[in-house]
Amino acid sequence: MCFRAVFLLLSLVVGVLSLGGCTPQAEPVFKEEFVALGTLVQVSIYGVSEAKAQQAFTAAIAQFKTMDEAWHPSKPGPLARLNQALAHGQQIPLDPALSPLVALGTEFSRQTGGLFNPAVGGMVHLWGFDQDTLPTGPPPAPERIIEWLAKQPRMEDLVVKDGLISSSNAAVQLDFGGLAQGYGVDRVIDQFKRLGIENAIINCSGDIRAIGRKGDKSWRVGI
């Protein structure tokens, strides 16, 4: 009887170990990092194959690159061309890549009584913060700052009509650094959804958006 009991006990242990070995492993989280919009972008995707995740990463990098080229105030592109036209009092077609940012920037300016003001690109340029690297030279001379402030460029100075844009104030220079990253993250998340990605998180210099979950856990965000 003792031998039989030991045999049954060993059989039970082996069975339990076998069941444990069959426990499915957690699906991997695929991660990618790249630089866009002047900062580090971190993307994590869960619940898809490696090939599907790579497809999404490739699409995200391409999307961020396109946005970076369109929205950068100091590189050749739609925003630089628009700012040059505004500085010369010219009216030009509003590039479709800039239209949503102009609309959002104008609305946010209205909601904040002008405290949020993407028209301050001239001041951003004075300080050198419109480049991808931090400025290393001295700050702008006080008289140049005072001269710029006296011109009071505002989003309300923009005139958008029939697909054309101009400004009643030549000092208006647009810089969308205050909203471009968050808006860009939203656009890439929408792209992920179209690709069938249901679980992902994107961090663009603190502008973060998550969809779905990481398996049986929520995405964790440090604050």
If you compare all heavy atoms of I45 against all heavy atoms of A56, which two are closest, and at what distance to 0.1 Å?
CD1-CB, 3.6 Å
How would you list all residue pairs meeting ring pair (Phe, Tyr, Trp, His ring centres under 6.0 Å) that involve residues 200-223, not counting sequence neighbours?
none
Quick one, I61 and V43 - any side-chain contact, counting heavy atoms below 4.5 Å?
no
Backbone of R154 reached by a side-chain donor or acceptor of N169 within 3.5 Å:
no
What pairs with S168 under side chain to side chain donor-acceptor pair (under 3.5 Å), at least two apart in sequence or on another chain?
none
Would one find more than 12 heavy atoms of other residues, nucleotides or ligands at under 6.0 Å from atom CD of Q84?
no
For K31, give me all partners under side chain to side chain donor-acceptor pair (under 3.5 Å), at least two apart in sequence or on another chain.
none
Side chain to side chain donor-acceptor pair (under 3.5 Å) filter on R144, not counting sequence neighbours, yields none
Would you say M155 and V159 are hydrophobically clustered, going by side-chain heavy atoms of ILVMFWY under 4.5 Å?
no
Which side-chain N or O atoms in residues 107-122 pair as donor and acceptor under 3.5 Å with protein atoms at least two apart or in another chain?
unit_1	atom_1	unit_2	atom_2	d
E107	OE1	R110	NE	3.1
E107	OE2	R110	NE	3.4
E107	OE2	R110	NH2	2.5
E107	OE2	Q111	NE2	2.8
S109	OG	F116	O	3.4
T112	OG1	F108	O	2.9
T112	OG1	S109	O	3.4
T112	OG1	L115	N	3.4
T112	OG1	F116	N	2.9
N117	OD1	A119	N	3.0
N117	ND2	P153	O	3.0

With sequence neighbours left out, what residues match D207 under salt bridge (charged side-chain N to carboxylate O under 4.0 Å, His left out)?
none
Could you pull out the closest heavy-atom pair between C204 and F64, with the gap in Å?
SG-CE2, 4.4 Å
Flag the pair L174 / W71 as yes when at least one side-chain heavy-atom distance between them is below 4.5 Å, and no otherwise.
no
What one should report as the nearest heavy-atom pair of P28 and Y46 is O-CD1, 3.8 Å
Taking the side chain as everything from C-beta on, heavy atoms only, tell me whether I201 gets closer than 4.5 Å to K214.
no
What one should report as the nearest heavy-atom pair of P78 and A70 is CD-CA, 3.6 Å
CG of D162 to CG of L94, rounded to nearest 0.5 Å, is 12.0 Å
Tell me the salt bridge (Lys or Arg N to Asp or Glu O under 4.0 Å) pairs involving residues 32-57, sequence neighbours left out?
none
Find the distance between CG (L79) and CG (D68) and round it off to the nearest 0.5 Å.
11.0 Å
Using the test side chain to side chain contact (heavy atoms under 4.5 Å, CB included), find all partners of A85 that sit at least two apart in sequence or belong to another chain.
Q90, I92
In the structure I gave you, are the side-chain heavy atoms of S44 and Q42 within less than 4.5 Å of one another anywhere?
no
Are L104 and F176 packed together at the side-chain level, in the sense that at least one heavy-atom pair is separated by less than 4.5 angstrom?
no
Linked, directly or transitively: V160 and L101 (ILVMFWY side chains, under 4.5 Å)
yes
Within this structure, what is the CE-CG distance for the pair M123 and D175, rounded to the nearest 0.5 Å?
12.5 Å
What is the minimum heavy-atom distance between P96 and P100, and which atoms define it?
O-CD, 3.3 Å
Out of curiosity, I165 CD1 to L86 CG, how far, rounded to the nearest 0.5 Å?
6.0 Å
In residues 178-200, what donor-acceptor pairs under 3.5 Å come from side-chain atoms, sequence neighbours left out?
unit_1	atom_1	unit_2	atom_2	d
Q181	NE2	L37	O	3.3
D186	OD1	R209	NH1	3.2
N199	OD1	R213	N	2.8

Do V124 and W127 share a hydrophobic cluster (ILVMFWY, side-chain heavy atoms under 4.5 Å, transitive)?
yes
Quick one: list whatever passes side chain to side chain donor-acceptor pair (under 3.5 Å) with T66, sequence neighbours left out.
none
Would you please name every residue forming a side chain to side chain contact (heavy atoms under 4.5 Å, CB included) with L164, sequence neighbours left out?
Q91, P93
Considering all heavy atoms, the nearest N83-P73 contact
ND2-CB, 4.4 Å
